[in-house]
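Notes follow once the structure below has been shown.
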2 protein chains.
Amino acid sequence: MDEIDQTIVNLLRTDGRTSYAELARRVGLTAPSVQDRVTKLEKSGIITGYTALIDAEAIGLGITALIGIIPDNAADHHDICERLRAIPQIESCYFLAGVECYQLKVRVPKMGDLERLIHRVGAIPGVAQTRTTITLSTKWEDRPQPVPFELAD
Amino acid sequence: MDEIDQTIVNLLRTDGRTSYAELARRVGLTAPSVQDRVTKLEKSGIITGYTALIDAEAIGLGITALIGIIPDNAADHHDICERLRAIPQIESCYFLAGVECYQLKVRVPKMGDLERLIHRVGAIPGVAQTRTTITLSTKWEDRPQPVPFELAD
DNA sequence: CTCGACAAGTGGACGAGATCGACCAGACGA
DNA sequence: TCGTCTGGTCGATCTCGTCCACTTGTCGAG
């Protein structure tokens, strides 16, 4: 992971469909060597994939909410995690240091869907309590910050 | 936005670098017409961009935290928002219904960076209090849920 | 019913990009 | 000094992206 790799990663975060030829021009190499570097970045797990960014509202997911989970003492975290993973509406799941030991980011089309979702999460064994906060607006999301300085490979 | 558009969106969310030719094969159209559809999806704001997914730890952003902001009564939200936007470490910013009216997701290399960041956010005029939670692990993040049913265009 | 307009696809042509193998240069250790 | 390894270039070839002309189907107006 040298400076050129960082530039490539930054370019691909800005536009994930940039062609190898274009990347090559930007970093001053040829297309095959850039392709080689990108392949290595993918294999080593630094680049984990590519995705199109979608306006959630435009595809009918107009409601975003954050759900905090307070577990009970007997909670089997591995089990909770698997059950959460099975719920497609949960887009992100963080394990936190605090009383609310999980936070979920969920997206649903309608309020009714959110209500059902909360009940479903609350019914998972080991979940003592949930606390839901509706997001009124998403100011921004998943903004890529440039890859920083010195990195171990 | 018909069924074919939905398939295209789902395919591009799964792999944002899928070629038009490949998309065309998957949906049973020719490449030019798929390209035409994708262009329209981009212009209409449904697809807002493409990005490479990066393992944050691998690029030196080993620490993720959630910061809640409690504003004071005199808070100028537009100003707060702009000042938050100027901080690159804030990857996401949600405006919430609740006492904590913003939640930030931030990523930094080291604890010291997080401390500085918290001070910087706390110093913004209109911010009465902040509450930071460290994430111990990210179970998953930004998992695309398939585009659902009936959609207005 | 016919006509024209429009939206959405198709097919072909051509330039650009992706990809592969062969080759090259510098770094490094035996 | 000599292999060997890494990371690069170059050129050939195949695929892809993109433009344009043409076709088809739908629909409302006359």
Side-chain angles (χ1 to χ4, degrees), chain A residues 1-61 144 146-153, chain B residues 1-61 144 146-153:
Chain A
M1 186 92 193
D2 59 8
E3 206 170 307
I4 291 180
D5 281 337
Q6 289 182 33
T7 307
I8 291 173
V9 166
N10 286 334
L11 289 169
L12 284 174
R13 287 229 275 183
T14 309
D15 179 3
R17 280 180 84 81
T18 309
S19 68
Y20 293 131
E22 178 62 24
L23 292 174
R25 281 189 287 271
R26 300 290 192 87
V27 302
L29 292 178
T30 57
S33 57
V34 167
Q35 189 182 23
D36 187 47
R37 279 170 176 267
V38 171
T39 304
K40 283 175 188 166
L41 288 169
E42 290 167 353
K43 290 226 170 118
S44 69
I46 294 177
I47 295 178
T48 60
Y50 303 89
T51 190
L53 301 172
I54 302 296
D55 179 351
E57 285 190 39
I59 61 169
L61 299 172
V147 175
F149 31 83
E150 327 308 329
L151 300 169
D153 187 4
Chain B
M1 185 91 193
D2 60 7
E3 206 170 308
I4 292 180
D5 281 338
Q6 290 181 32
T7 307
I8 291 173
V9 167
N10 286 334
L11 288 170
L12 284 175
R13 287 229 276 182
T14 308
D15 179 3
R17 280 181 84 81
T18 309
S19 68
Y20 293 131
E22 178 63 23
L23 292 173
R25 281 189 287 271
R26 299 288 194 87
V27 302
L29 291 178
T30 57
S33 57
V34 167
Q35 188 183 22
D36 188 45
R37 280 172 177 267
V38 171
T39 304
K40 282 174 186 165
L41 289 168
E42 291 167 354
K43 290 225 170 116
S44 69
I46 294 178
I47 295 178
T48 60
Y50 302 90
T51 190
L53 302 172
I54 302 297
D55 179 352
E57 284 191 39
I59 61 168
L61 298 171
V147 175
F149 29 84
E150 327 308 329
L151 299 169
D153 186 2

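Chain naming here is simple, since letters A, B, ... match the order of the sequence lines and numbering starts at 1 in each.
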**Prompt:** So, do A:D15 and A:E22 sit near enough that their side-chain heavy atoms are less than 4.5 Å apart?
**Reply:** no
What is the distance, rounded to the nearest whole Å, between atom [atom1] of [X] and atom [atom2] of [N]?
X	N	atom1	atom2	answer
B:E22	D:dG17	CD	P	10 Å
A:L41	D:dG7	CG	P	12 Å
A:K40	D:dT6	NZ	C1'	7 Å
B:D36	D:dC19	CG	P	11 Å
B:E42	D:dG17	CD	C1'	13 Å
A:L29	D:dG8	CG	P	6 Å

**Asked** Of B:R37 and A:A21, whose nearest nucleotide on DNA chain C comes first from the 5' end?
**Response** B:R37
Cut-off 3.5 Å, no hydrogens considered: what does the side-chain donor-acceptor table look like for residues 31-38 of chain A, sequence neighbours left out?
from  : atom 1 : to    : atom 2 : distance (Å)
A:S33 : OG     : A:T30 : O      : 2.9
A:S33 : OG     : A:T30 : OG1    : 3.3
A:D36 : OD2    : A:K40 : NZ     : 3.2
A:R37 : NH1    : A:D2  : OD1    : 2.9
A:R37 : NH1    : A:D2  : OD2    : 3.3
A:R37 : NH1    : A:D5  : OD1    : 2.9
A:R37 : NH2    : A:D2  : OD2    : 3.2

**Request:** Identify, between A:R17 and A:S33, the residue whose nearest nucleotide on DNA chain D lies closer to the 5' end.
**Result:** A:S33
**Heavy-atom contact window of chain A on DNA chain C, given 5' to 3' at under 4.0 Å** = C:dG17 to C:dC20
**A:R17 (side chain) donor-acceptor with B:G49 (main chain) under 3.5 angstrom** = no
**Check: A:T48 side chain, B:D55 main-chain N or O, donor-acceptor pair, under 3.5 Å** = no
**Message:** On the nucleotide D:dG8, are OP1 or OP2 found under 4.0 Å from the side-chain N or O atoms that A:T30 carries?
**Reply:** no
**Request:** Report yes if a side-chain nitrogen or oxygen of B:Q35 is closer than 4.0 Å to either non-bridging phosphate oxygen (OP1 or OP2) of D:dT18; otherwise report no.
**Result:** yes
**Message:** Please find the pair of heavy atoms, one from A:T18 and one from A:L11, that lie closest to each other, and give the distance.
**Reply:** OG1-O, 4.1 Å
**side-chain contact (heavy atoms from CB on, under 4.5 Å) involving B:T14 - partner list, sequence neighbours excluded** = none
